[in-house]
Amino acid sequence: MGDDRATRRTRGNGVGELLPLREKVGYGLGDFGFNLYWANISAFLLIFYTDVMGLAAAAVGTMMLVTKVVDAITDPLVGALADRTRTRWGRFRPYLLFGAVPLALCGVLTWTVPDLDPDGKLLWAYATFTLMMLAYTVLAMPYSALSGVMTADSQQRTTLISFRFIAAFTGTTVVNWLTLDLVGWLGRGDEALGWQLTLGLYGVIAAATFATVFLTTRERISPPPLQRSAVRQDVADLLHNRPWLVLFVLALVIMVTIVMRSGSLVYYMKYYLVRPELTGTFLGVYSVALAVGAALTPVMTRFVDKRRLMMWLMAGVGVLSCAMYFVPPDAIWLLFVINTAIGLLLGPKSPLAFSMYADCADYTEWKTGRRATAMTFAAATFSQKLGGALATAAIAWMLAALGYVANEAQSDASQQGIALLLTVIPGIVALLAAGVMHFYPLDDAALAGVQRDLQARRDQIA
């Protein structure tokens, strides 16, 4: 009996495999590094462009939409490349080792204010943000796919990805709580220099976390030995994968909710509540709530089906976001409580979604006999980035339409628009996400059957 348990814990493709704690923690640290970039993009890049670089809000909205759409298109290309990579370190881990320095350099350039006229600064923003997101994708796609080949057990995947998003939201907390103080401290009165040095510091820390992932993780699941498929076949497989199609739409819709809230919150604190000094605390506690929600995900999935849990969570986010609009600006404590509750409900979203992407890779292999793990995650991330691009552009365009003027008191119309961007608009989108999840077909029973069949096939090959 003892030998059977040991085999169950270490078998390469076993459904019952238990991942070592060291490997879960090591994998999770990678997303701490990624969120030193992503949280800055979500919370501060838009206001950096408008209030520090001095670009017009409408121009920034168009720029961020164009560059993020270009970035989203590269996701499937990097995913296809990663699926076909063959090295002695595996398919996905090498990217984390060799891509960290280019990303750090591009991050510093993106948060650099060049000595150019407004048109030159806008071109600089287009070029540097596009390069940074390309460098980010080269690391992020293989990193996401790695979770799909470390274990075949659905509950273990949920636990692994929960470690990832606990670290991710910890990174978000660091960024939200400390970034503005770091900019002031490092810049010594020069805000532009402060942003450069802050992103340089974050780049060094992120590179160390990516190296940790490389050193502590293992790739255990490989495509079928005789698999030879073209990229167009991988895409066709996904387009015939109903669970993945539902998640594609879901990811787009949820990302609109998340990015619209995070991108507008700094404006909300500065211009609607007129309490900019509370921005770090407000964002920081929200990020802690996200991390707590992510940590509780494996516990919740032991009792509630992932599909049903996602529906309940997004419905709760929608109701609370809409309710937040009706809270008066001087009721800071109540706004604080509602925003924190929204964070708790949104926290499990990412572990659930990424666990389900890995399940979709299993479903494709079960249905077609072919496996394209990185492509499955990359195409899903394409949807997320597209949703984020639409949300960011919508914020900038709405601000411009309502007469937003940087670093000045806003008109009543502009203030109301900022409030709607944080509350009602993302709330309605969250309710839509809950409805989309109704069409996801892989409940716990169906997924267990898929994984039993796959394990039987792998045992026959072995």
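For the numbers below, each heavy atom of this structure counts, side chains included, while hydrogens, waters and symmetry mates do not.
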Could you walk me through whether Thr217 and Phe92 pass the side chain to side chain contact (heavy atoms under 4.5 Å, CB included) check? CA-CA 10 Å; Thr217 58; Phe92 308 131; over 6 Å; no

Side chain to side chain contact (heavy atoms under 4.5 Å, CB included) for Leu334 and Ile338? Distances and angles first, verdict last. CA-CA 6 Å; Leu334 183 55; Ile338 293 175; 4.1 Å; yes

Stepwise, does the side chain to side chain contact (heavy atoms under 4.5 Å, CB included) test hold for Leu346 with Ile258? CA-CA 8 Å; Leu346 272 177; Ile258 293 174; 4.2 Å; yes

From CA spacing to verdict: side chain to side chain contact (heavy atoms under 4.5 Å, CB included), Lys349, Ile254: CA-CA 9 Å; Lys349 166 264 162 190; Ile254 291 180; 3.4 Å; yes

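The aromatic rings of Phe210 and Phe34 lie tilted to each other, with the angle between the two planes from 30° to 60°. Classified by interplanar angle (parallel below 30°, tilted 30° to 60°, perpendicular above 60°), the ring pair Phe129/Tyr49 is perpendicular.
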Can you list, pair by pair, the side-chain donor-acceptor contacts under 3.5 Å of residues 191-202, counting residues two or more places apart and other chains?
unit_1: Gln196; atom_1: NE2; unit_2: Thr112; atom_2: OG1; d: 2.9
unit_1: Thr198; atom_1: OG1; unit_2: Gly194; atom_2: O; d: 2.7
unit_1: Tyr202; atom_1: OH; unit_2: Thr179; atom_2: OG1; d: 2.8

Taking only distance into account, with no hydrogens and no angle test, what donor-acceptor pairs under 3.5 Å do side-chain atoms of residues 52-63 form with protein atoms, sequence neighbours excluded?
unit_1: Thr62; atom_1: OG1; unit_2: Ala58; atom_2: O; d: 3.3
unit_1: Thr62; atom_1: OG1; unit_2: Trp397; atom_2: NE1; d: 3.3

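Separation of atoms OG1 (Thr281) and CZ (Arg275) is listed at 10.0 Å; rounding is to 0.5 Å. Separating the CE atom in Met311 from the CG atom in Leu431 is a distance of 11.5 Å, to the nearest 0.5 Å. Rounding to the nearest 0.5 Å gives a distance of 6.0 Å between OG1 of Thr212 and CG of Leu29. One distance of note links OG1 of Thr173 with CG of Leu178; it measures 9.5 Å at 0.5 Å rounding. With rounding to the nearest 0.5 Å, the separation of CG in Leu399 from OG in Ser414 is 6.0 Å. If you take CE on Met324 and OH on Tyr268, they are separated by 4.5 Å, rounding to the nearest 0.5 Å.
Partner Lys306 forms a side chain to side chain donor-acceptor pair (under 3.5 Å) with one of Asp359, Thr297, Thr301 and no other, that one being Asp359.
Counting heavy atoms from C-beta outward, Met398 and Leu421 have side chains that approach closer than 4.5 Å. Under the 4.5 Å side-chain criterion, counting only non-hydrogen atoms from C-beta, Phe32 is in contact with Thr209. At a threshold of 4.5 Å between non-hydrogen side-chain atoms, the residues Glu23 and Arg218 count as touching. Contact annotation: the side chain of Leu146 approaches that of Val213 to within less than 4.5 Å [non-hydrogen atoms, C-beta and beyond]. With contacts defined as side-chain heavy-atom distances shorter than 4.5 Å, the pair Val138/Phe98 does not qualify. A 4.5 Å side-chain heavy-atom check between Leu278 and Leu273 finds every atom pair outside the cut-off. Counting only heavy atoms from C-beta outward, the side chains of Leu320 and Leu345 approach each other to under 4.5 Å. You'll find the side chain of Met255 stays beyond 4.5 Å of the side chain of Met260, heavy atoms only.
Under a cutoff of 6.0 Å and an axis angle of 45°, Arg93 and Phe214 form a cation-pi pair.
Side-chain N or O atoms of Ser147 include one that pairs as donor or acceptor with a backbone N or O of Ser144 at under 3.5 Å. Between the side chain of Asn339 and the backbone N or O of Leu335 there is no donor-acceptor pair closer than 3.5 Å. Distance alone, capped at 3.5 Å, is enough to place a donor-acceptor pair between the Thr110 side chain and the Thr128 backbone. Listed for the Arg164 side chain is no donor-acceptor partner under 3.5 Å among the backbone atoms of Gly30. Using a distance-only test at 3.5 Å, with no hydrogens or angles considered, a donor-acceptor pair links the side chain of Arg307 to the main chain of Tyr440. Side-chain atoms of Thr85 come within 3.5 Å of backbone atoms of Leu81 as a donor-acceptor pair (strictly under, hydrogens ignored).
Centroid-to-centroid, the aromatic rings of Phe48 and Phe44 stay 6.0 Å apart or farther. Aromatic ring centres of Tyr267 and Tyr404: separated by under 6.0 Å.
For Lys24 and Thr159, the side-chain atoms include no donor-acceptor pair closer than 3.5 Å.
The minimum heavy-atom distance between Lys270 and Pro276, with the atom names listed, is CA-CB, 4.2 Å. Annotation for Ile418 and Ser264: closest pair CG2-O, 4.3 Å, computed over non-hydrogen atoms. Heavy atoms only, all atoms of each residue included: Arg91 and Arg86 are closest at NH2-CZ, 2.9 Å. A pairwise comparison of heavy atoms in Cys106 and Met132 identifies CB-CA, 3.6 Å as the closest pair. In terms of heavy atoms, Val424 sits closest to Cys322 at O-SG, 4.1 Å. What you find for Leu96 and Leu139 is that their closest heavy atoms are CD2-O, 4.0 Å.
Remark: Tyr286 pairs with Arg261 by the side-chain hydrogen bond (donor to acceptor under 3.5 Å, both in side chains) rule, at least two apart or across chains.
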